[in-house]
Amino acid sequence: MSNVRVRFAPSPTGFFHIGSARTALFNWLYARHTGGTFVLRIEDTDKERNTDEALKVLLDGMKWMGMDWDEGPDVGGPYGPYFQSQRQPIYDEYLKKLEDAGRTYEKDGAIWFKLEGERYTAYDDYLKAEIEKVKAEPVIIDDAVRGRVERAEEKDFVLVRKDGSPVFHFVNVVDDIAMGITHVIRGEDHLSNTSKHVELFKAFGVEPPKFAHIPLILKEEGSGKMSKRDKGALIEEYESRGFLAAAVRNYISLLGWNPKDEREKMDIGEIIELFDFPGINKGNSRFDEKKLSALNAEYLRELNIESFSFLARPLLNEAGVVNEEVDEDYLQAVLTLCQPKARSLDTLSELCGYFFLEDYSMDEKTGGKIAKKTDPKELLSEVLPILQSIEKFDAESLKTALETHAEDNNQKVFAYFPALRYATSGQGGGPDLLPMLAVMGRERVINRIQRFIG
RNA sequence: CUCCCGUUCGUCUAGCCCGGUCUAGGACACCUGGUUUUCAUCCAGGCAACAGGGGUUCGAAUCCCCUACGGGAGGCCA
């Protein structure tokens, strides 16, 4: 095991945001790539929002994506506790170090961090107030993604609030020191704050970890980064919509990282092997659900029919298309026809609902088109006796029988197809017609045709 | 208002560090054609980008500067 120690430090908010998921994923990938340790640390300082339910959403999301953690909730570890709410003694201890070093002072009931440098008073246009500023030495960050970044803090900042609770910047740095974190991989939104963090590391006399600030995920349309209200922003949404975890994970890993060749669809082992900082992009990337869907469809087609059915059944059930009584053999026969055309599991019910339900809707456009050219009722009356009397109701026999009939009537066999499809499914398109009829079975097909003829 | 980061087809990106092999490659989307009874599959083809301006150089997508645009941060939020 290498000495790399990375961490994902989410705040449980009740949902698992795609940006957080990717930060977690990149940390996890880096840990697995290097043989290091992946730490999960819960920043649960906001008592209002931090319910057990919120934590569960987060942990479930991590697990669904296939990420495991070497230290953290449920598994423990030598650097615990892994909940910030339980680490107060550690924060007290580290605060004392800063106090002893003369790097803190009290103001308005809060404890502030004191920057080093010449002090002056100036009007701050952002705070809209006259405040004390500091000419501090710029901090130099050697970022694994961005290279050298230089930035100077110019204002002291709060470490501990009036109510005694420590702020994010402080606990984050303390925990990273206490937990021996070697690489901090996080979103670019933290880059500007990194100068604060480095000031703290220096004040503690500790060498800062290696930083890697990854680009942000921008919303599909409009401006700004993905926010929880945007479509596709929540991991649990993909889970409930029947997206495959492997596909989502593959897609997200490609947002801001790539293997430098033309590979896109990669299994997780391959991604772990290839993942490293040089492959991470600097520019933000825009979320594209179409591309995710395309990748998901590729994964879907690879599934064997048993797995496909296993995943599809609950969603079809939820859509009211199948129930527990639907025979697994019949379900699999139907899905075998539909799988190659499926792009996601959640649209499957529209694709194949008519195999199960008698009140399938009739597509009027298709109906009109067919009626314009032929008389579908008449055509169906012609072939109905054949369907009733044919010995074996399979695709091959149907083909032979219908072709013979067509020839006898000086017709092309295809003349009957649109009407047959329309009467039995209400659709203009779908799987190959004859296998479709065979799967539906004689009884169902005949009933539907009789009902159609009226 | 200040600071930080970024900018290659509509989108994700390769190429950039180490200038010539780039008439800029791939994928998704889109369009056309093929296959198919049909279609949401499949196959083939096509459309489409170096943000702008200056400089360095024999030569710049690649190096430097400026501008524009995009993103982020500046909180007793995380």
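The chains referred to below are lettered A, B, ... by the order of the sequence lines, with proteins before strands, and numbering in each begins at 1. Below, all heavy atoms of this structure are taken into account, side chains as well, without hydrogens, waters or symmetry copies.
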Picking from G74(B), U41(B), C3(B), the nucleotide nearest the side-chain atoms of Pro340(A) would be U41(B)
Asp288(A) atom CG is separated from C9(B) atom C1', nearest whole Å, by 14 Å
Side-chain atoms of Asp108(A) come closest, of U13(B), A73(B), C76(B), to C76(B)
* To do: Look at the side chain of Lys291(A) against the base of A27(B) and say whether a donor-acceptor pair falls under 3.5 Å; ignore hydrogens and angles.
  => yes
Assert: residue with more 5' nearest nucleotide on RNA chain B, out of Asp163(A) and Asn281(A), is Asn281(A)
Comparing Leu292(A) with Leu434(A), nearest RNA chain B nucleotide closer to 5' gives the residue Leu292(A)
How about NZ on Lys155(A), more than 12 heavy atoms from neighbouring residues, nucleotides or ligands closer than 6.0 Å, or not?
yes
Taking A40(B), A78(B), U41(B) as options, the one with an atom nearest any side-chain atom of Leu351(A) is A40(B)
Picking from G6(B), G75(B), U13(B), the nucleotide nearest the side-chain atoms of Arg146(A) would be G6(B)
If you count the non-hydrogen atoms of other residues, nucleotides and ligands that lie under 6.0 Å from CD in Glu137(A), is the total more than 12?
no
Whole-Å distance, Gln427(A) CD to U36(B) P, equals 23 Å
Notebook entry, point to check: Is the NZ or CZ atom of Arg22(A) positioned over Phe26(A)'s six-membered ring, under 6.0 angstrom from the centre and within 45° of the axis?
Noted result: yes
